[in-house]
Amino acid sequence: MDTQELQSTIDRVKAGDIEAFTVIVNAYQADVWRTVAFAMRNFQATEDLVQQAFVNAYLKLDRFDPSRDFGPWLRTIARNLVKEELRRQSRKSRHMEAYWQDWETNMNDIQTADQHEAALNSALSDCRAKLSEPAQKALELRYEHAMNFEELARHLGRTTAGARQLLQRARLLLRACIEERMAQA
Amino acid sequence: MNRIEELTFKFLDDVLTDAESSELENLLARDTASARFHVSLLEQEALLRSDRQPADLALPIVQRIQEEIRMRGEKGVMQKIRELPRPRQRIWSIPRSSARWFWLSPAMAALVLWAALVLYYFVPKHLNRDAGSALSATIVNLNGQVILESAPNQRTLRVGDSLTPGDSVTVGSGCALTLAYRDQTTVEFSGNTAFALATSGKEQEEGKVVRLTQGRLAATVAPQPIGQPMIFLTPRTEARVLGTRLLLAATADTTRLDVTEGRVKFTRMDAPVSWEVSTGGYVLTGTETTRSANAHRSSQDESLRVIEDHEGPLTWRQQPECAPLAFELSPVAQSGKNGLRIVYEPKAGDRWTYGEIDHTFTLKPGEHVLQFFINVEHYEGNANWTIQFRQRDRNCWMIAGGLLSDLGKGWNLIELEIPHTPANVWGGGTYRPNEIQELLFGVCQGAATFTIDDLAVSGGEQP
């Protein structure tokens with residue numbers, strides 16, 4: 001979405017055309033989703049926070065400075081919501097604590113956080129492409145189609161234990177590859 | 001694989017036991033390298049998961065904004081009310097210690113109760129009808145005779161009349177009625193239809209409720225407040241709608257929901273099974289069959305057992321006493337690489353007017369639902385699909401089927417109840433589990449080409 005189109009959409013929304021906000025949602029949904037999904041493990045919680053981020057953005061639209069970039073402004077709103085949510089949840093999940101601390105430290109500098117996210121995404125897509133075909137398929141079924149291990153096993157023509165093993169190997173290989181790529185970067 | 005890898009994967013896959021959870025916690029607390037590895041895997045997991053996104057968030061977000069605006073408006077009104085200058089008040093002071101007050105208070109309570117009873121019995125009910133005006137609907141179009149059945153107000157309805165929760169209506173044969181709610185939601189009822197607006201107090205609390213006893217309706221539902229969907233009930237199902245266009249048809253036993261636009265949560269209340277039906281999708285439920293397309297089952301049956309997914313060699317045989325069916329493994333598949341493509345072309349002079357192929361399997365104890373996917377390429381006239389279960393030696397045959405023209409585009413999921421004692425049966429026996437069954441798939445009444453895939457059975461207690 002170019003700046004002119006964005007500005008005219010914002011103007012329509014400000015004039016009371018709430019439906020026009022769907023254009024903004026459709027243009028930025030993927031970015032905001034990634035930002036939130038980085039911290040939240042649960043799909044429903046992610047969806048809820050993404051929706052709330054857009055609602056907050058709508059309510060604060062008067063405060064948006066048109067000379068600035070809209071995407072980072074929107075993602076900052078999402079990150080602030082996530083921070084609040086993590087504070088609420090921090091006592092519940094001790095295993096996530098270290099990760100969330102890491103995430104929050106990264107988020108202190110939004111520009112660096114954006115660069116880090118972009119570098120990780122690019123490393124992920126390169127590294128995925130290097131995996132064997134069954135490993136790529138297993139990742140796709142597990143993460144894009146949200147299959148459980150029984151469904152995964154059925155689709156891959158393996159036992160449940162075999163499917164889990166394949167996925168674990170794939171994730172370990174992926175991690176090694178991503179670490180290497182990030183170190184080079 | 002080392003211990004931290006093993007525990008982290010178990011945590012990510014939600015299979016960590018309590019003991020393992022404590023072990024992981026200790027490991028993370030005392031070993032920095034383990035903690036680093038754990039964090040890096042969680043980051044990778046987040047990256048992988050972030051690829052999966054809902055297709056359309058715009059509608060729920062706009063609904064949430066509208067709700068927020070409404071709430072803010074209400075809060076604003078309350079603030080204005082609070083800021084208004086307060087009227088002068090006179091406070092009656094009654095000494096509580098007074099002996100006279102002790103006797104007066106029960107008398108006053110009785111007086112209030114008497115007044116309430118008088119109001120309840122003697123004030124005409126229609127004076128209260130506007131109380132739930134958001135739940136009331138106005139007749140904006142009417143054709144033929146439409147009767148308000150609610151006693152004691154039974155009468156013929158006219159354009160401009162208002163229906164309120166509790167009202168029940170019959171739309172006569174060849175007649176039609178359109179209702180409009182205050183939020184622009186419209187519901188059109190066809191002839192031979194009986195319906196009621198929210199009947200019980202609980203239903204009235206839930207928001208707009210239309211109870212379709214029988215017949216057909218088409219609805220265009222405006223975005224509803226978050227947490228308060230419009231509800232359509234039929235004798236056996238419930239559809240919850242936040243904003244969409246849909247068609248609903250019901251009899252005492254069957255319900256068909258077609259979603260023209262948007263998404264609807266549809267529930268079979270006797271099962272209970274839910275579907276999320278999206279644009280272009282439908283679900284048809286009956287006592288013995290359920291058909292659906294573009295409808296995502298919200299809970300997958302854990303006991304689902306695939307009996308034929310067509311990924312191995314061809315397992316079907318031609319039934320010799322029928323007209324020939326051409327069948328082969330095909331790359332058109334619901335899942336995996338293959339489905340089974342069936343072509344039926346009746347010819348003049350065929351001895352039999354149907355074609356069948358068969359397959360054997362063993363029903364396990366408790367399994368009583370068969371499901372399969374079907375994708376129709378082409379059909380003529382009233383071509384039907386049919387399915388039979390046979391236990392020849394027990395003289396127990398059941399047959400079910402339907403018109404191919406009733407199916408939607410793409411893959412349709414069909415679910416069939418296998419009753420313990422089938423009603424539609426030749427012979428009258430009962431199925432016995434752990435014995436070989438024959439499954440016959442057939443076509444009749446016209447030429448047809450379609451693919452079937454992923455036949456499975458699922459269980460629970462035998463009904």
Side-chain angles (χ1 to χ4, degrees), chain A residues 18-19 21-26 29-30 32-41 43 46-47 50-52 54-55 58-59 94-103 117 120-121 123-124 128 139-140 142-146 148-151 154-155 157 164 167-169 171-172 174-175 178-179, chain B residues 1 5-16 21-22 24-25 28-29 32 35-69 72 223 226 300 302 304 306 309 311-312 335-337 454 456:
Chain A
I18 300 175
E19 299 290 325
F21 199 68
T22 56
V23 179
I24 293 176
V25 175
N26 291 334
Q29 178 189 319
V32 176
W33 185 277
R34 260 197 302 279
T35 301
V36 176
F38 246 66
M40 308 304 300
R41 285 196 71 207
F43 188 84
T46 305
E47 183 168 342
V50 171
Q51 287 189 18
Q52 195 55 47
F54 277 104
V55 173
Y58 170 85
L59 297 171
R94 294 180 299 270
H95 305 314
M96 293 292 286
E97 217 169 336
Y99 171 67
W100 284 340
Q101 277 169 11
D102 195 57
W103 182 88
E117 242 178 65
L120 274 175
N121 270 312
L124 175 72
R128 268 181 98 147
L139 287 172
E140 183 198 322
R142 173 73 175 158
Y143 293 101
E144 284 160 39
H145 300 276
N148 61 33
F149 285 106
E150 286 71 30
E151 290 169 322
R154 194 152 64 84
H155 277 78
R164 276 198 68 186
L167 196 69
Q168 285 179 358
R169 266 204 312 273
R171 288 184 287 192
L172 280 176
L174 207 55
R175 179 186 167 270
I178 290 174
E179 292 239 310
Chain B
M1 191 180 300
E5 288 174 356
E6 201 176 324
L7 291 174
T8 302
F9 279 128
K10 283 190 164 184
F11 169 64
L12 292 177
D13 299 338
D14 292 321
V15 289
L16 203 64
S21 175
S22 310
L24 176 60
E25 201 178 324
L28 294 176
T32 330
R36 228 183 4 254
F37 172 84
H38 180 77
V39 167
S40 73
L41 261 192
L42 287 180
E43 188 173 56
Q44 176 180 301
E45 188 78 2
L47 262 180
L48 288 164
R49 272 186 292 108
S50 67
D51 274 351
R52 182 177 164 237
Q53 300 195 9
D56 183 15
L57 273 179
L59 181 67
I61 287 170
V62 166
Q63 286 169 355
R64 219 153 143 163
I65 289 171
Q66 284 167 336
E67 175 69 357
E68 185 72 28
I69 291 168
R72 281 173 181 242
I226 298 290
Q300 187 58 260
E302 293 289 320
L304 199 72
V306 176
D309 61 1
E311 298 308 303
S335 70
K337 290 183 182 149
D454 290 348

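In what follows, chains carry the letters A, B, and so on, assigned in the order in which the sequence lines appear, proteins first and then strands, with residues in each chain numbered from 1. Scope of the values below: all heavy atoms of this structure, side chains included, with no hydrogens, waters or symmetry mates.
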Discussion item. Counting heavy-atom pairs under 4.5 Å with chain B, which one of A:Val23, A:Val36, A:Leu172 comes out on top?
Written reply: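 Winner by heavy-atom pair count: A:Leu172.
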Fill in: Most chain B-contacting option - heavy-atom pairs closer than 4.5 Å, from A:Leu120, A:Val50, A:Asn121, A:Leu167
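Of the candidates given, the most pairs with chain B belong to A:Leu120.
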Can you say whether [X] sits under 4.5 Å from chain A via the side chain, the backbone, both, or neither, judging by heavy atoms?
X: B:Glu311; result: neither
X: B:Glu6; result: neither
X: B:Lys10; result: both

Discussion item. Measuring only between side-chain heavy atoms, which start at C-beta, is B:Glu5 closer than 4.5 Å to A:Gln168?
Written reply: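 Side-chain contact under 4.5 Å: no.
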Discussion item. Is the shortest side-chain heavy-atom distance between B:Ile61 and A:Gln29 below 4.5 Å?
Written reply: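 Side chain of B:Ile61 against side chain of A:Gln29, heavy atoms only: no contact under 4.5 Å found.
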Between [atom1] of [X] and [atom2] of [Y], what distance do you get to the nearest 0.5 Å?
X: A:Leu174; Y: B:Glu45; atom1: CG; atom2: CD; result: 10.5 Å
X: A:Phe21; Y: B:Ile65; atom1: CZ; atom2: CD1; result: 4.5 Å
X: B:Leu42; Y: B:Thr8; atom1: CG; atom2: OG1; result: 7.0 Å
X: B:His38; Y: B:Phe9; atom1: NE2; atom2: CZ; result: 11.5 Å

Discussion item. Looking at A:Arg175 and A:Glu179, is any side-chain nitrogen of the basic one under 4.0 Å from a carboxylate oxygen of the acidic one?
Written reply: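 Salt bridge between A:Glu179 and A:Arg175, a charged N being under 4.0 Å from a carboxylate O: yes.
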Fill in: Electrostatic pair A:Glu140-A:Arg128, nearest N-O below 4.0 angstrom
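No, A:Glu140 and A:Arg128 are not salt-bridged.
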Toward chain B, the part of [X] with a non-hydrogen atom under 4.5 Å:
X: A:Ala30; result: both
X: A:Arg142; result: side chain
X: A:Gln52; result: both
X: A:Leu124; result: side chain
X: A:Ile24; result: neither

Discussion item. Quick check for you: among B:Leu48, B:Val62, B:Leu41, which has the greatest number of heavy-atom pairs under 4.5 Å with chain A?
Written reply: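 Going by pairs under 4.5 Å, I would pick B:Leu48.
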